[in-house]
Protein chains: 4
Amino acid sequence: MTERRTDAQRRHDPTVRGFASDNYAGVHPEVLAAIAQANGGHQVAYGEDQYTEHLQRVIRSHFGQTAEAFPVFNGTGANVVALQAMTDRWGAVICAESAHIHVDECGAPERVGGLKLLTVPTEDGKLTPELIDRQAYGWDDEHRAMPQVVSITQNTELGTVYTPDEVRAICEHAHERNMLVHLDGSRIANAAASLDVPMRAFTNAVGVDVLSLGGTKNGALFGEAVVVINPDAVRAMKHVRKMSMQLASKMRFISAQFEALLARDLWLRNARHANTMAKRLAAGVRTVDGVEILYPVQANAVFARLPHDVTERLQKRYRFYFWDEAAGDVRWMCSFDTTVEDVDGLVEALREEMRR
Amino acid sequence: MTERRTDAQRRHDPTVRGFASDNYAGVHPEVLAAIAQANGGHQVAYGEDQYTEHLQRVIRSHFGQTAEAFPVFNGTGANVVALQAMTDRWGAVICAESAHIHVDECGAPERVGGLKLLTVPTEDGKLTPELIDRQAYGWDDEHRAMPQVVSITQNTELGTVYTPDEVRAICEHAHERNMLVHLDGSRIANAAASLDVPMRAFTNAVGVDVLSLGGTKNGALFGEAVVVINPDAVRAMKHVRKMSMQLASKMRFISAQFEALLARDLWLRNARHANTMAKRLAAGVRTVDGVEILYPVQANAVFARLPHDVTERLQKRYRFYFWDEAAGDVRWMCSFDTTVEDVDGLVEALREEMRR
Amino acid sequence: MTERRTDAQRRHDPTVRGFASDNYAGVHPEVLAAIAQANGGHQVAYGEDQYTEHLQRVIRSHFGQTAEAFPVFNGTGANVVALQAMTDRWGAVICAESAHIHVDECGAPERVGGLKLLTVPTEDGKLTPELIDRQAYGWDDEHRAMPQVVSITQNTELGTVYTPDEVRAICEHAHERNMLVHLDGSRIANAAASLDVPMRAFTNAVGVDVLSLGGTKNGALFGEAVVVINPDAVRAMKHVRKMSMQLASKMRFISAQFEALLARDLWLRNARHANTMAKRLAAGVRTVDGVEILYPVQANAVFARLPHDVTERLQKRYRFYFWDEAAGDVRWMCSFDTTVEDVDGLVEALREEMRR
Amino acid sequence: MTERRTDAQRRHDPTVRGFASDNYAGVHPEVLAAIAQANGGHQVAYGEDQYTEHLQRVIRSHFGQTAEAFPVFNGTGANVVALQAMTDRWGAVICAESAHIHVDECGAPERVGGLKLLTVPTEDGKLTPELIDRQAYGWDDEHRAMPQVVSITQNTELGTVYTPDEVRAICEHAHERNMLVHLDGSRIANAAASLDVPMRAFTNAVGVDVLSLGGTKNGALFGEAVVVINPDAVRAMKHVRKMSMQLASKMRFISAQFEALLARDLWLRNARHANTMAKRLAAGVRTVDGVEILYPVQANAVFARLPHDVTERLQKRYRFYFWDEAAGDVRWMCSFDTTVEDVDGLVEALREEMRR
C-alpha cells in the first residue's frame, strides 16, 4: 500500500478556527467513525439501505410515530424539496424577509420550484400570526399566488429562538387558514439546546408539518434531511427529491451520520457546546466598552455593531463576516469545536482593537 | 469517550457484494483516509478552502491549463449545472435516447433548467455526426428549441466506449454548427481504462468543452465535479451551481476525495479493476450455453439476455437488475471492490440456473 | 370622424391566398360581427363577463353537462395550461414524436411547466395503446418522470384523423393505468367534419378528460379554450391559466367568437369547406404524373413529395412550406376561405411545373 | 346569409359603465375598424405580415430609430417576456413592492421565468436611486440572485407618474451599476398625457432599455408589445416570446390595432380623456365631506378612503373595487369611454351615501 498510496495531503492547519460560520468547522470524530463503520460491502443505493431504514426509527423517537426522514445533500435542497412537496404549482410560501430561502439561496426556490415567496419584515427574524396575516389572504384570487405554506426558521437567521408556544400559535393560525407549516431547522439542535426541550416540543408537539433537519452545522460531513411529520402535508417526496437533484446514491453515509448524531445525544452535546460558547462570547463582549450586542443571544450566534476600523483590524486576527456592512453589524458564529480559548481570545482582541 | 459514544452501529454485512450497480459499493479506504486528513480546524466554506484550491492543479494536470473544477454533490447535479451554464433559456440539448439525462433523472433537466432534450435513437448508446444531424437544424426557427449543446456519455449507459477519434468527430461537427459539447463522465475513469489513454485524450485533446467528472462510481463517498475545459462555454458557473442547490458548504471534503482519486492513480486502479472484472465476467458468461451477451463489453458493465425464470432464481443469489424486463435483458455492473470470487461465483450460479 | 380618423390603412391585397397554413387566413365575417356586437359598455374583466358565462352553455351542448371552457390566447397556451393543470410537478406526458407540443412550441411545455414529454415514433401521427405502452411504465420509479397524461392530436399534425373507437381504446388504456387523456384539438372541427360526427363522439363520449379547443384555425381572430370535460382531471385551472399568462382581460371578445362559431354551425361549415378543398386538391394532384401523396387526406392538409426544383418554382406562385426538406415533402393547407379557383390554380401550376 | 347566420347575440347592456377597471371597457371603434380593414386574404402568420412590418415604422416614430416592437397577447406576457430576454438564468429584478409583476401576476415571473424579484417598499409606487440601492448589491455573491434589471411602472399602480427626470435618474443609477431598465407601460399613454410630453420623453430619451407597451387599457381589443429600445439589452426575443406562449399566429390583428392607436393620436385622445375624467372625479369627490383622496391624481386612477358601509352601498350602484379592504381604500378607474355623466353620477351617489 505504501507504494501506491495517493498523494492526498493535509493542506491546512487544523488548529486554526474562527467565527465566520458554523459550517467552517469539519466533521465531529464520532460522525466520521460512523461513516467508516458503514463502509465496506454493498448496500442498495438511493435509500434502500439498512442505515436509512434504521434512521427512520431514530427519527420517530425524536419526531413521533408518523415521522419519516428523507435525507438530502444540503440545506437549500432540504428547503426546496420540502416546499415543493408541500405546495401546488400555483402555491406561495409566506416567510420572514430575513429568511434564508429568500435572501441566501440565489433564488433556488423560484428557479427550481417556481415558488413565489411572500415576505414580511420582522423585528427579530420571527413571524407571528399578525405578521403572517399581512400576506395570508386572497386564496381565491387567481391574480395572486396562493399562500399554501408558512415557513419559519428555528433558530432564526438572527440567532433568536421561537418558544414552543410561539410556534404553536403560528401552526394554529396557519392551519385554520388551510396552510401548512414548514420549519427550516438547519440549526434546530441549537434551538432545542437553547430552550432545553426536546426537538419535538416545538415541532410535532405543536403542529409543524414538515421540517428541514440540519446535519452539517451540527457536526456532520454533509447531509440534511426533510422530516415529514404530517404525511398528508406532502406528496411524492421521493420523486420530488430525485427531480430536485437531491437523491444521494450512497445514502447509507448520510443516514449513518444522522444515526451518530441523533441516536444518543451527540446532536445535543454539539449544540449545547456551541450555544455555551456564544453565551460566553456575548458575556465577554459586554465587558468591552462601546460594543453593542444587537439581538438576544439565544443560540450560537452573536451579532454586534462595531466601528468599521475595529472590524477591519479584528478580521485580520479572526475570521468573521459583516452582517450589514453599511450599519457596521457583524456576526460571530460558534461551532461544536469552538474552544474557550477561541472565545476569550476574540474578546481580548476586540478589547484591544476598541482601545486603539 | 466510552460513556458518551454514539449508538451508531454497523448494520450490514460488509462481505456481501452484488452486481446491481457500481454505486452499491462504499468508499475506497484511501479516499476515506483523505477525508479524515482534511478534517479538523476551520476551512472557508463554499469552496474557498485550500483543498478546492489545490484540486484545480490536479484537474489541470488531467484536463489542461484552462480547466477548472466545480465540485457538486451528484451526477444529476453535475449534468444539469453544466447544461444550464452552457445554454440560454431558449437552448436545447441533443443527446442519445438512452442518455441518463433523458431517462434516469426524473426530468431534472426539464424541471430545474427548463431544458429541452432533443433525442436520437442509437444502436449502442453512441452518437455520431450523422445521428446528431437528425436534430441539429432550425437554429433560426423560433418554433423550435434552439440546439446549443451536444451531450454524450462516456462510457455510455450501455457500457460502450467512444474512441478519441469518435469524440473528435462529434466535437468538430458540433463546433462547426456553433454548438458546444458536454461529456457526461460519471464513469469516465472506466472509459480511460478501457481505451488505455489518459482522460484528456478524449476530452480536452479532441474538443470537449465541459464535462461531468464522476467521483462516486469511482470509489468516492459522494461528490462529482463539473470540469470546464473551455471557459467560453459557460457563464456564471458559481451562481448556477448555487441556484441549482449543488453548492456544498464543507466543500473541502469533496475536493479532498478527488485529490485522493486523481493526484496519483487511484482513479485508474479502481477503474481498471472494475473493467477487468467485467471482462472476466463476460468471458465466463460466454462459456454458459444459451446466454447472449448484448453489447461490446468495453467498460465495467455486462448486458445479457436470460430466460425470465433464470433471472428470477439468480436474483435470489446475487443482486442485479433487469435492463429491459420485456426483452429479458439484464445488466451486471462491476465495481472497484468486485472480487474474482464474486465474478466466478456469479458465473457458476448462472450456469447452474441455466441447467435447471 | 374624418378629421379624427386614425391613419391605419389596408396594407395587403385581400384577394391573395395561399396554402401555407390555415392561420394565414383572417377572421370569418360572422365572427368579426360577433366581436362588434359584444363591444360597447363595460363588462367584468378576466372572464366574469356575460359572454363567457353564456359560452359555458354552448360548450355543454357540445361536450356534455360537466364541460367547462377556459378561454385562452393561443394553442400553445391551451396545451400547456391543460397539461399543467392535469399533472403534478413530477408528472410526464406521453405523446407522439410528431406532436405539436414536442416539435413546434420552442420547448414551452418544458420551460413554462417543467413538463417531461415521453415521445413515441408513429407511422401517421397517431398513438395506439401498443405505442403508448412503450412509455407507460415505471410509475413508482423515482428516477423516471411519472407518466400521468397521454396527449393526442385530433386531427394529427399529419392530417390524419382518429376514429372514435381509436380514441376510446386510448382512453380506456390510459385510464386503466391511472393516466388522463388530453386531446390537442387545434383542428378538432376538421376532424369532426371529416368523420361526420359531432365533436362529442370522439371526446366526452369516449373518455377524453380535457381538450384544447381550437378557434384560430377555424376562423377566429384569436383565441382557443381549454375545455375540461372531467372536472376531476384538473386542479386550480384559473390559477394555472393566470400564472401561465393566458388570462385575457377583455375575455368577452374571445367568448363571443366561440359563440359565433359554435352556437350554430359556423364551426362545421368552415371545417367542411376546408376539408372539401383539401379533397379536391388531393384529387387534382393525383392527376399530375410523378407526384406522390404521402398520408391519407382526411382533413384539410395534403402532404406530397415533389422534386426540389418543382417546389422552388411552385413556391414562387403559391405560398406553402416544406414539411421535410431533405425528403422533398411539402404540405398544403386549406382554410375556411380557400376557393375552388385557388385549388384548381395550384393543381394546374403544379402540372405545369412538373412538365418543365 | 340570413339563413346561415350564427346565433351569437348581444348579451349585455352597452350603456352600462363603471369604475372598476380600464379593462372593463371594450374596443374603441376606430381600433375595431382597423381590425376589419386588416381582414381578408392571407397574411404570413407569426409576425411576418405587412401590418407588423409597418408597425415598426410607427414604433420608431415614437421610440427612436433603434426601437423594435414585438407584439404579444397581454401585459403579464409583455412583462415576463421582456424580463426573461433581459436577464440570465441567475438574474434578479429590482421593483417596487407594489409592482404588478410582484403582486398581480400569480407568480408568473417566478414560475415561467424563474425570475427572482427583489422588492422595495415605496410611499407612492415610485422607485428612486436610493430605494434601488436597498437591493442593488452583491453582484459577485453567488448566494444572492444577481440584480440585473430595474423594473418601474409608468404610470404606477397607485396612479402616480414619474417625471422624465426621475426616470433619467433611475436609468443612470442602474446603468452605472450594469443593470438595465425595464418600464412596465401598460398605462404609458396615460402617463404621457398626464405629463403632456411624448412617450419618448420618459423612455428612450432618458435611458429606458425595454418597455412593455400597453394596448388593451388604451382602447385595444387585446394586445400589448414589448418595445426594445436598446437592442443590446435583450437576446433571442423571438424565441423567448414563442417559448413564453405569447406568439400570436394572426399577428396582423394586433399590429393593425397598434397602428390605429399610435399612427396618429388616438392613443393620446383616449388617454387624455380618461385622465380628464379622473381629474373631474377627484375634483367632485373633494367636494364630498369626509372622503379622503389618497395619492396625487396624476393619471386615470383615483384612490380614496371610505367608510365600509358607504363603499358597500355605493358598489351596488357603480362597479369598483377595494384596493385595501382592511384600510377602507377603494380605487376608481376612468377609461377612454367614461363619460361626464358617469363621473358626475358617481360623485352624486357618493355624496348621497355619505350623508345617510
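What you see is a predicted model, and the numbers here were worked out from it, not measured in a lab. Every chain is numbered from 1, with letters handed out A, B, ... down the list of sequences.
- Remark: of the listed residues A/Glu259, A/Gln50, A/Gln43, A/Glu259 is the sole one forming a side chain to side chain donor-acceptor pair (under 3.5 Å) with B/Arg11.
- Ranked by heavy-atom pairs shorter than 4.5 Å toward chain A, the options B/Ala25, B/Gly113, B/Ser249, B/Ala20 are led by B/Ala25.
- A heavy-atom distance below 4.5 Å is not found between the side chains of A/Tyr51 and B/Gln9.
- Here the closest heavy-atom approach between residue A/Arg252 and residue B/Gly26 is recorded as NH2-N, 3.1 Å.
- Rounded to the nearest 0.5 angstrom, B/Thr15 OG1 and A/His42 NE2 are separated by 11.0 Å.
- The choice from B/Asn39, B/Val58, B/Thr76 that makes the most heavy-atom pairs within less than 4.5 Å of chain A is B/Asn39.
- Within the 4.5 angstrom heavy-atom criterion, no atom of A/Phe258 approaches chain B.
- Looking at B/Val16, only its backbone comes within 4.5 Å of chain A, counting heavy atoms on both sides.
- For the residue pair B/Lys250 and A/Ala220, the shortest heavy atom distance occurs at NZ-O, 2.7 Å.
- Neither the backbone nor the side chain of B/Asp342 comes within less than 4.5 Å of any heavy atom in chain A.
- With a 4.5 Å cut-off on side-chain heavy atoms, A/Met245 and B/Gln246 count as touching.
- For the set B/Val80, B/Val44, B/Val112, B/Thr216, the count of heavy-atom pairs under 4.5 angstrom toward chain A peaks at B/Val44.
- Of the two parts of B/Leu32, only the side chain, counted from C-beta on, holds a non-hydrogen atom closer than 4.5 Å to a non-hydrogen atom of chain A.
- Residues A/Asn74 and B/Leu247 come closest through the heavy atom pair ND2-O, 3.3 Å.
- Proximity to chain A (any heavy atom under 4.5 Å) is restricted, for B/Asp337, to the side chain, taken from C-beta onward.
- With a threshold of 4.5 angstrom between heavy atoms, B/Phe222 approaches chain A through side-chain atoms but not through N, CA, C or O.
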